K.L.:
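A single structure is presented below for examination.
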Amino acid sequence: MSRRRIAARPLLALSLVLAAAASPVLAQQSPPTQEAVLGHAPGTRITRPAEVRRYFEALRAAAPDRMVMGDYGATWEGRPLFWAAVGSPANIARLDAIKAATRALGDPRRTSPDQARALIADTPVIVWMAYSVHGNEISPADAAMAAARRLMDAADAEAQGWMQNAVVVFVPTQNPDGRDRFITTFEAGLGAQPNPDPLSAERSEPWPSGRYNHNLFDLNRDWFIQSQPETQGHAALIRDWRPQVLVDSHEMGTDSSFFFPPEANPLNPWIYPQILDARERFGRNNGARFDQAGLAYFTRETYDAFYPGYGDGWPAYFGAVSMTYEQGSSRGLMARRRTGEVITYADTVKGHLTASLSTIETAARDREKLLNDFYAFHRDGVAGRGAYVLSRSAAVDPAAADKLAGLLVRSGLEVGRATASFSACGQNYRAGDYVVNLSQPQRRMAEVLLAKEVPLDPKFVAEQEARRARGLGDEIYDLTGWSMPLLFNVPSQKCAGAPSVQTTAVGPELIRPVAIAGSDATYGYAINPGTAGMRFLTAALKEKLPVRSIEEAFTLDGKAYAGGAFIVPRGGSPADLDERVRRIAADSGAEVTALATSWVSSGPNVGSDYAFTIKAPRVAMAWDDPTDAESAGSIRHVLEREYGWPVTAVRTRRLGGADLSHFEVLILPSGGNYKKILGADGVASLRAWVEGGGVLIGVGSASRLLTDPDAKLLDSRRETAVAPEGVKKDAGEGATVPGVEIPSEADYLDRTNHHGSPNSVAGVLAHAVVDQEHWLGAGVARDLSVMVRGADIYTPLTRGQGTNVVRLAGPDQVLASGQLWAENRRQLAYKPVAMATELGRGQVVAFTQDVTMRAFLEGLKPLFLNAVFRGPAHTSGGNDEDR
């Protein structure tokens, strides 16, 4: 249009502008393309997290009446975590009312059926689309941008029809730190053009890969423990919005097609039946859309719905139809499958875009039923009876009970703290104990997190036994035991009726300060051990306060203390000791008692050789190959993030020749072949360092190095599988072997399926017993729950070789929760979980299981921390200032 024509008709031009502003359809015929904003079309380049956000901001700027955005936190590296809600202009304008309606539907105690019907008639379904929780699962985030643009296209009649019935919340990049790490390594290996060869550098991720967040946590396993900021913020956001449909979009191996529910067995029995029915409906519509697009898919295979810690597991117990989608990954811009077919990044983006739009289509179509089922889910909850009682007063570590209560609140549960003593389940409880009433909307969440046992379907177990009899692996995807009271070592009981005691509502705080007992601190202070006591210890050491530990039970100033308690004397402390102790006690939640005197009426004296001085240890840990990234990450997280203690991460290849003389402690996380990486000279150097006064701690499969005969560090040995009767383990080593008869097919299967290692355990909680007289067991509960995974089993140390500080229970008692095969029960019985031995002037400690796994084994943290902080006090010269 010419300049003269515009000038000649100013009123008409102005009226067209005003009309466009008033009409969303006229104002936004075409949202900005990804190419226009970012310079590349969908699927042609892997979009960095900052660019993903920039594109969503461009969409919002183009149509602010159709999208709102917000932040729900920040990553460890400071990247913002954001969400974007898309809907019709009318629905976006009333988002607060929509959220209030879903919260009302989520609590039938205040919303009658008639009120619910009225709300359902006028409320859109909330569809939650979460993408790329694993940083190297790249296509979902790009698909999120394409899906959002489609929904915001006012000229797209089909999409706008969906938007009348749905509000869609996008969380495009759940793990921007990991995504950026992946893209950086991918681009560093990229040549002049993408190379699909499996060996190409661009498709070979160095340790620790882009899967994990900065702390090397698998965010898809963190939902009920919420140890990471990415999960904490996302979980709080879901609790606020209360979606009815949720999709967690992933990638899987390159040779696979696309997975969506229905899931494989086993299914968790606490999943609401209507949710399973809905997953079938979503799956059928997805299948129809994939058929139309010519895309392959599969259902009911590989991915089960048993463990509640996933991004699609945890939300199910909020009443959401939550689903995992998995796309075969190009892990770059293209990849060659075993069949020779080349899959491109654009192909993978197309798969997730197709699934995303199909999901939104189904949700909009089924809006009324989904909302009715959502309300019914919560009515089912409040119809529950009984309660779980968590005994803080009976816990060896009361602070662990406090943290457990706070985490349950963060999972949407109502938790009460008793204001008086009471009786329940035939037991007596005290004021301060916790009550989780099962007549509440999230009853199924309470059951799945608090039950000691969530049973597998007996038919599924029988099928797995049949597979194992044929020498095949089981089909269990993740843990089968995760009971939070067992993880935290907190006594719990499920009662048929709710106790009749007044309670005060518990908040989401994980640390609850305890008032300092006593007022006369003439001598100093005593601090009870446990998780809170260890937080006090690390803070006190950082402030250079003098700390002594009495590792046997004693009575001081008229009060009895368990072994492992800490003493902070006034002598040698700064003048403001009282102020510092009050602050540290409040921050740590430790139980602290003022001491008027150091007079001990029973047990070791504070000034005796049985009271050990705890000094600030300098800690190193192996980092990089062959460590398992998750194990290394969880160890570092527990020490640095939870207990504020610095760790020097050393690349493992440097350890063999490194000067470790300025470290008191070295930790080897669970991992692969340390012996190969370190070499014989490196292992000898480690042994010499221990003999000189160092503390070497092996975690999980790192115990393989410690028990290797060539290492000469620990006299335990890793066991092979128990052979069937009549089968010799060395039967194939000679030129000839003794002849045997095979009388039956069962005997044939026994012999042909026998292999060198015991059967691998998917993940169970096992009962273990602690030697509290050893320094490693000081202040630790006598009975613990231990997570047992994998196939490693070790022989116990004999007298003179060291101490089996923690050992598993007998075959009939060893299983606490989960599915454990009969032969594993027998072979695991009485085997060590923690071993310690003196070596020269130093100490070697082996944890045969990963005691810091996922940072959720709260009951085992004092045991691990004892190795780090008490270990150096039990070396000869380990605390010398000249080391």
Side-chain angles (χ1 to χ4, degrees), residues 489 551 563 668 670 674-675 687 690 695-723 729 756-761 764-778 780-816 820-840 842-851 853 857 859-860 862-864 866-867 870-871 874:
N489 216 47
E551 291 166 358
L668 302 180
S670 191
Y674 280 100
K675 184 178 179 180
R687 184 171 60 250
V690 175
V695 178
L696 179 61
I697 303 170
V699 176
S701 58
S703 299
R704 295 183 180 186
L705 174 67
L706 273 56
T707 59
D708 188 300
D710 294 335
K712 301 176 183 177
L713 291 165
L714 193 65
D715 286 327
S716 174
R717 296 292 179 261
R718 187 159 60 104
E719 296 184 1
T720 59
V722 176
K729 292 183 180 179
S757 298
N759 281 283
S760 183
V761 177
V764 303
L765 287 167
H767 289 300
V769 180
V770 178
D771 179 354
Q772 295 175 306
E773 294 184 2
H774 190 274
W775 61 264
L776 186 59
V780 178
R782 181 184 179 278
D783 299 299
L784 287 176
S785 296
V786 176
M787 182 66 68
V788 173
R789 297 180 81 194
D792 284 7
I793 301 174
Y794 292 84
T795 61
L797 296 174
T798 61
R799 184 172 299 179
Q801 294 179 332
T803 305
N804 304 300
V805 183
V806 183
R807 54 98 176 156
L808 295 171
D812 296 331
Q813 297 83 34
V814 65
L815 181 62
L820 186 62
W821 313 117
E823 61 270 28
N824 291 100
R825 286 189 192 223
R826 295 190 296 269
Q827 191 169 353
L828 282 165
Y830 304 112
K831 298 299 166 57
V833 172
M835 298 177 281
T837 190
E838 295 181 5
L839 184 63
Q843 295 278 347
V844 176
V845 178
F847 296 109
T848 64
Q849 299 294 329
D850 191 345
V851 290
M853 173 187 168
L857 291 159
L860 296 182
L863 180 73
F864 172 71
N866 276 353
R870 298 186 196 272
H874 289 269

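Since the model is a prediction, treat every value here as computed from it, not as a measurement.
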K.L.:
Taking atom CZ of Arg807 and atom CE of Met835, what is their separation to the nearest 0.5 Å?
P.N.:
14.5 Å
K.L.:
Could you give the distance from OG1 (Thr795) to CZ (Arg717), rounded to the nearest 0.5 Å?
P.N.:
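Reported to 0.5 Å precision, the distance equals 7.5 Å.
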K.L.:
Looking at NE2 of His767 and CG of Leu808, how far apart are the two atoms once the value is rounded to the nearest 0.5 Å?
P.N.:
11.0 Å
K.L.:
So which heavy atom on Leu797 is nearest to which on Thr803, and how close?
P.N.:
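For Leu797 versus Thr803, the nearest heavy atoms are CD1-N, 3.7 Å.
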K.L.:
With rounding to the nearest 0.5 Å, note down the distance linking CG in Leu857 to CG in Asn489.
P.N.:
10.5 Å
K.L.:
Can you confirm whether Tyr794 sits close enough to Ser703 that some side-chain heavy atom of one is under 4.5 Å from a side-chain heavy atom of the other?
P.N.:
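In contact.
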K.L.:
Of Arg704, Arg826, Lys831, which meets salt bridge (charged side-chain N to carboxylate O under 4.0 Å, His left out) against Glu719?
P.N.:
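The passing option is Lys831.
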K.L.:
Please determine if Arg789 and Asp850 form a salt bridge, counting it only when a charged side-chain N lies under 4.0 Å from a carboxylate O.
P.N.:
no
K.L.:
For Glu773, does the CD atom sit with more than 12 other heavy atoms under 6.0 Å from it, leaving out its own atoms?
P.N.:
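Counting other residues, nucleotides and ligands, CD of Glu773 stays at 12 neighbours or fewer.
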K.L.:
Would you check, one step at a time, whether the test side chain to side chain donor-acceptor pair (under 3.5 Å) holds for Ser701 with Ser670?
P.N.:
CA-CA 5 Å; Ser701 58; Ser670 191; 2.9 Å; yes
K.L.:
Counting C-beta onward and ignoring hydrogens, is there a side-chain heavy-atom pair between Val770 and Asp783 closer than 4.5 Å?
P.N.:
no
K.L.:
At their closest point, which heavy atom of Leu713 faces which heavy atom of Leu705, and how far apart are they?
P.N.:
CD1-O, 4.4 Å
K.L.:
With rounding to the nearest 0.5 Å, note down the distance linking CH2 in Trp775 to CD in Glu551.
P.N.:
8.5 Å
K.L.:
Evaluate side-chain contact (heavy atoms from CB on, under 4.5 Å) for Leu696 paired with Val845, printing each intermediate quantity in order.
P.N.:
CA-CA 6 Å; Leu696 179 61; Val845 178; over 6 Å; no
K.L.:
Any idea which heavy atoms bring Gly777 and Asn866 closest together, and the distance?
P.N.:
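Nearest heavy atoms, Gly777 then Asn866: C-ND2, 4.1 Å.
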K.L.:
Between Ile697 and Phe847, is the side-chain contact (heavy atoms from CB on, under 4.5 Å) condition met? List the steps.
P.N.:
CA-CA 8 Å; Ile697 303 170; Phe847 296 109; 3.7 Å; yes
K.L.:
For the residue pair Gln772 and Ala781, what are the closest heavy atoms and their distance?
P.N.:
NE2-C, 3.7 Å
K.L.:
Return the minimal non-hydrogen interatomic distance between Ala809 and Val814, and the atom names on each side.
P.N.:
O-CB, 3.7 Å
K.L.:
Ignoring hydrogens, what is the shortest heavy-atom contact between Gln843 and Thr837? Give both atom names and the distance.
P.N.:
OE1-O, 3.3 Å
K.L.:
Measure the spacing between CG of Asn804 and OG1 of Thr798 and express it to the nearest 0.5 Å.
P.N.:
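Output value for this atom pair is 8.5 Å.
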K.L.:
With a 3.5 Å distance limit and no angle check, can you tell me whether Gln827 reaches the backbone of Asn824 through a side-chain donor-acceptor pair?
P.N.:
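Not at all, since once roles are kept as given, no pair shorter than 3.5 Å links the two residues.
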K.L.:
Can you tell me if Thr707 and Ser716 form a side-chain donor-acceptor pair at under 3.5 Å?
P.N.:
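On atom types as modelled, these side chains do not qualify, holding no pair under 3.5 Å.
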